[in-house]
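Here is the structure we will look at, set down as structure tokens.
Here the structure is a predicted model, which means the values were calculated and not measured. Just so you know, these numbers use all the heavy atoms, side chains as well, and skip hydrogens, waters and symmetry mates. Lettering of chains follows the sequences in order, A, B, ..., and the numbering in each one begins at 1.
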Protein chains: 2
Amino acid sequence: MIPPSVIKEITRVVGEDNIFVSLEERMCYGYDSTPDAFVPDMVARPGSTEEIQAIVRLANTHLFPIVPRGAGTGLSGGSLPVKNGVVLDLTRMNRILEIDEENLVAVVEPGVVTYAIQQEVERRGLFYPPDPASLKTSTIGGNVAECAGGPRAFKYGVTRDYVIGLEVVTPRGDLVKTGGKTVKSVTGYDLIRLYTGSEGTLGVITRIYLRLIPKPQSIKTMMAVFPQLDDATRTVTLIVRRGIIPVTLELMDDRTIQCVESYRHLGLPLDAGAVLIIEVDGAPELIEAQSGQIMDLCREGGAREVRVAASEQERDDIWAARRAVSAAVVQIKPTKISEDISVPRSQIPNMVRKLREIAERYSLNLVIFGHAGDGNLHPNILCDQRDREEMERVEKAVGELFQAAVELGGALSGEHGIGTMKAPYLKLETGEAGYAVMLALKQALDPNNILNPGKIFRGE
Amino acid sequence: MIPPSVIKEITRVVGEDNIFVSLEERMCYGYDSTPDAFVPDMVARPGSTEEIQAIVRLANTHLFPIVPRGAGTGLSGGSLPVKNGVVLDLTRMNRILEIDEENLVAVVEPGVVTYAIQQEVERRGLFYPPDPASLKTSTIGGNVAECAGGPRAFKYGVTRDYVIGLEVVTPRGDLVKTGGKTVKSVTGYDLIRLYTGSEGTLGVITRIYLRLIPKPQSIKTMMAVFPQLDDATRTVTLIVRRGIIPVTLELMDDRTIQCVESYRHLGLPLDAGAVLIIEVDGAPELIEAQSGQIMDLCREGGAREVRVAASEQERDDIWAARRAVSAAVVQIKPTKISEDISVPRSQIPNMVRKLREIAERYSLNLVIFGHAGDGNLHPNILCDQRDREEMERVEKAVGELFQAAVELGGALSGEHGIGTMKAPYLKLETGEAGYAVMLALKQALDPNNILNPGKIFRGE
């Protein structure tokens with residue numbers, strides 16, 4: 001518990017209007033998109049970097065946890081106050097400070113919703129590619145802290161590929177400025193990428209410099225329908241080997257298609273083994289040629305049908321299917337354990353086979369969808385949190401699916417982070433030596449373990 | 001000095017044939033492309049990761065420095081044995097272990113020459129873009145340790161953008177495996193980017209996984225001649241703002257042009273204020289259109305002439321000018337202090353103005369060339385190391401040029417690293433807080449300071 005004198009002190013820093021201390025209010029800041037929930041001792045909503053520095057200094061003196069939070073949409077538990085303490089709600093710091101059209105850089109505060117940045121830059125003919133599914137809700141600070149991805153990562157990369165500068169409040173309350181509007185820098189260790197994806201455990205991000213690119217001139221969207229899932233994954237390889245890098249190569253398996261269709265009635269093929277949603281962008285003449293090649297390759301790979309969106313409406317219809325997945329799958333069972341493994345592209349067929357074996361062995365409902373282009377699959381286990389026996393099977397299955405991903409040369413997480421959900425499995429991938437290095441970094445930068453404790457490392 | 005018993009032990013590890021202990025031999029491993037030279041106590045040429053682990057464990061027990069070294073082409077002093085110790089020559093570990101065409105990944109040992117990787121992957125229709133000027137000599141291990149760049153970085157990014165997995169021997173002799181063939185991963189802290197660019201101070205890189213991309217179908221190269229340097233830098237902005245991202249946007253100022261022409265007689269315009277070498281790549285129909293747009297924009301920006309290479313020979317002729325720069329400029333004076341500042345693109349004209357002011361104030365010979373697209377300039381001061389009075393002026397000028405770059409929002413190094421050369425200036429850019437974080441990382445991972453001591457941090 002935080003002593004009343006410290007609560008008073010924090011209140012003085014951010015103002016009466018910007019704290020929450022009642023149980024009802026605190027409970028609203030205790031959960032995210034994972035099934036767990038906790039209750040922080042207090043919620044503070046700072047309005048400036050200086051206020052954050054003051055609060056962090058208090059935390060480092062009085063040794064209470066600080067849990068930075070954006071919109072709380074994370075899927076790995078990154079913003080959960082697992083050890084209570086102060087939730088630092090950063091959504092008041094939501095200004096787009098500058099869009100520098102000459103240097104192609106946006107300077108933003110952490111609490112801006114990612115979609116707001118995208119709209120603002122696209123209005124100027126520029127483009128910020130990372131597109132996590134949560135982008136209309138989630139904040140850029142959370143995106144950076146978790147290194148968010150999205151479907152467009154296949155062509156354009158993930159959040160870390162666009163962060164070129166950060167301001168970060170250290171656990172001692174100092175302000176580190178690293179990078180800025182310079183696109184190319186090798187001055188000492190790469191603090192930008194160390195903080196990006198560090199899940200709020202090494203510092204509180206207070207300002208972000210994002211690299212922008214010119215907005216692609218045009219887009220073409222296709223949906224290819226395959227009798228078997230293996231045909232779809234083989235087609236992914238055919239496309240890549242032909243030297244074509246589409247923006248997206250999204251996969252939905254048969255169970256996912258059936259869930260979405262029964263939920264939204266979009267006319268999806270209920271007897272298909274899988275569909276791929278493929279999008280290309282660029283100069284009109286180029287994407288015309290590319291989409292023709294892709295259609296040919298889809299047919300060569302065994303597609304029985306390739307639909308090409310002829311209008312903005314048809315494009316929306318194709319994406320409506322993909323966007324409906326999360327809502328659709330919970331119609332089967334109320335609890336969704338949304339995983340996020342990543343394997344070398346060539347291992348997708350093996351991974352899918354293993355996933356299905358595991359689901360069958362534990363009699364679980366499993367749907368598979370995700371970003372096939374970069375080997376990042378989202379196996380979702382649909383279950384009921386109230387059914388303890390089922391949840392025990394889920395836990396065993398999750399352990400096995402991580403094991404399988406690592407055995408195939410993959411990663412525990414492609415874009416959601418480790419948080420609380422995958423902390424027990426971290427060593428599977430890092431080994432003892434990698435774990436020791438990561439823990440040494442945490443202990444060196446946050447010796448009192450005040451920043452987002454209980455994340456990434458189990459039991460630290 | 002390393003005790004004879006330890007030298008014997010290291011000899012046992014790598015074999016008699018793979019050590020150098022005579023002064024003549026050791027001297028050969030004491031210098032790089034910077035003016036300084038030192039003499040290591042011993043040179044060991046390990047042939048495997050296990051041998052490296054054994055040597056590093058000895059270093060951590062007996063507390064002597066380990067200096068990893070590739071081809072010794074570095075421009076910041078990264079491979080200099082400034083505190084003596086054992087130089088670890090990694091050039092025996094020079095195997096390309098695998099080129100995985102399905103996953104678009106090359107797996108290589110650190111001692112492979114970068115150009116050898118490029119030739120091998122291009123034979124398969126693939127592409128590894130980073131192209132430091134040293135690429136025909138320098139090793140990929142050194143490229144990763146320094147996060148090398150090159151002209152193509154403008155479109156394709158630098159070395160860090162292609163490293164997706166590493167094996168690294170830690171200062172305790174453990175082996176960390178991070179990443180691999182998976183392109184998308186957010187498992188814990190980003191150790192891949194922490195080791196990339198860490199200049200051999202945090203671990204010895206023993207295996208590298210490089211992301212490959214499809215080889216561009218075709219290339220078009222142009223040289224635009226401008227009456228004034230400001231016209232050239234304005235043109236860079238015009239091109240970028242039009243949404244065109246060429247592969248290269250290389251700048252040479254008037255002094256550079258004059259040096260090159262008097263050295264190579266390539267028919268360069270001696271009365272020009274600057275030239276830009278612009279290259280575009282991609283589908284033939286696309287680059288045809290893009291090069292047309294670029295020519296128009298060059299004329300709009302004030303170019304008095306734009307030469308387009310009509311053949312491979314003419315392309316080579318254009319690049320011959322750029323490649324001759326380093327050899328040409330030392331014809332003026334024997335010592336070349338090759339700097340590597342990076343500024344926001346829009347600040348290039350201001351930076352050039354400041355550079356010329358500084359050179360004039362200290363009566364120094366200065367040429368300016370570099371990668372204008374990403375704001376990375378190489379101001380070279382031409383001097384004579386034997387002239388102590390001149391070298392004092394050089395030192396003052398260098399300090400001021402770093403100060404100027406930082407004041408314009410730039411970086412001390414775009415692609416060469418900090419090493420010994422820029423260590424005295426590191427805090428200018430990082431500030432005290434950033435410096436403290438970097439030093440804490442070094443101390444956490446290498447508490448005995450055995451790995452490449454004397455680099456990045458002054459006096460540690």
With sequence neighbours left out, what residues match [X] under salt bridge (charged side-chain N to carboxylate O under 4.0 Å, His left out)?
| X | value |
| --- | --- |
| B:Glu122 | B:Lys215 |
| B:Asp190 | A:Arg160, B:Arg193 |
| A:Lys177 | none |

Indicate the atoms forming the closest heavy-atom contact of [X] with [Y], along with that distance.
| X | Y | result |
| --- | --- | --- |
| A:Pro344 | B:Asn103 | C-OD1, 3.4 Å |
| A:Lys184 | B:Gly149 | CE-CA, 4.4 Å |
| B:Leu286 | A:Ala283 | CD1-CB, 3.4 Å |
| A:Ala411 | B:Thr187 | CB-OG1, 3.9 Å |
| B:Ala440 | A:Ala444 | O-CB, 3.7 Å |

Does any backbone or side-chain atom of [X] lie under 4.5 Å from a heavy atom of chain B? Answer side chain, backbone, both or neither.
| X | value |
| --- | --- |
| A:Lys422 | neither |
| A:Val343 | backbone |
| A:Thr237 | side chain |
| A:Leu126 | side chain |
| A:Leu175 | backbone |
| A:Leu412 | both |
| A:His416 | backbone |
| A:Ala153 | side chain |

TODO: Please check if atom CZ in A:Arg242 has more than 12 non-hydrogen atoms from other residues, nucleotides or ligands closer than 6.0 Å.
DONE: no

Open item on the list: Does B:Glu98 have more than 12 heavy atoms from other residues, nucleotides or ligands lying within 6.0 Å of its CD?
Closed with: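 Counting other residues, nucleotides and ligands, CD of B:Glu98 exceeds 12 neighbours.
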
Do [X] and [Y] touch side chain to side chain, with heavy atoms closer than 4.5 Å?
| X | Y | result |
| --- | --- | --- |
| A:Leu441 | B:Leu194 | yes |
| A:Ile456 | B:Tyr189 | yes |
| A:Asn376 | B:Val183 | no |
| A:Val186 | B:Glu146 | no |

Task: Neighbourhood of chain A inside residues 165-173 of chain B, taking heavy atoms under 4.5 Å as contact - done: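 From residues 165-173 of chain B, the residues near chain A are B:Thr170.
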
Taking every heavy-atom pair that is under 4.5 Å apart, which of [options] has the most such pairs with chain B?
| options | answer |
| --- | --- |
| A:Gly282, A:Gly414, A:Gly431 | A:Gly414 |
| A:Leu408, A:Val158, A:Val240, A:Val176 | A:Val176 |
| A:Gly375, A:Ser198, A:Gly157 | A:Ser198 |
| A:Ala289, A:Gly417, A:Ser413, A:Gly203 | A:Ser413 |
| A:Ile192, A:Leu202, A:Asp100 | A:Leu202 |

- [ ] May I ask you to decide whether A:Glu102 forms a salt bridge with B:Arg345, counting only side-chain N to carboxylate O separations under 4.0 Å?
- [x] no

With a 4.5 angstrom heavy-atom cut-off, is it the side chain or the backbone of [X] that approaches chain A, or both, or neither?
| X | result |
| --- | --- |
| B:Tyr195 | side chain |
| B:Ile245 | side chain |
| B:Gln217 | neither |
| B:Arg211 | neither |

- [ ] Identify which of B:Lys181, B:Lys442, B:Arg241 forms the greatest number of heavy-atom pairs closer than 4.5 Å to chain A.
- [x] B:Arg241

Open item on the list: Out of B:Glu415, B:Glu285, B:Gln290, return the one with the most heavy atom pairs under 4.5 angstrom to chain A.
Closed with: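 Looking at each option in turn, the highest pair count goes to B:Glu415.
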
Task: Atom pair OG (B:Ser185) and CD (A:Glu429), whose distance is rounded to the nearest 0.5 Å - done: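 B:Ser185 OG to A:Glu429 CD: 5.0 Å, rounded to 0.5 Å.
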
Open item on the list: Any side-chain to backbone donor/acceptor pair from B:Ser342 onto A:Thr182? Under 3.5 Å, distance only.
Closed with: no

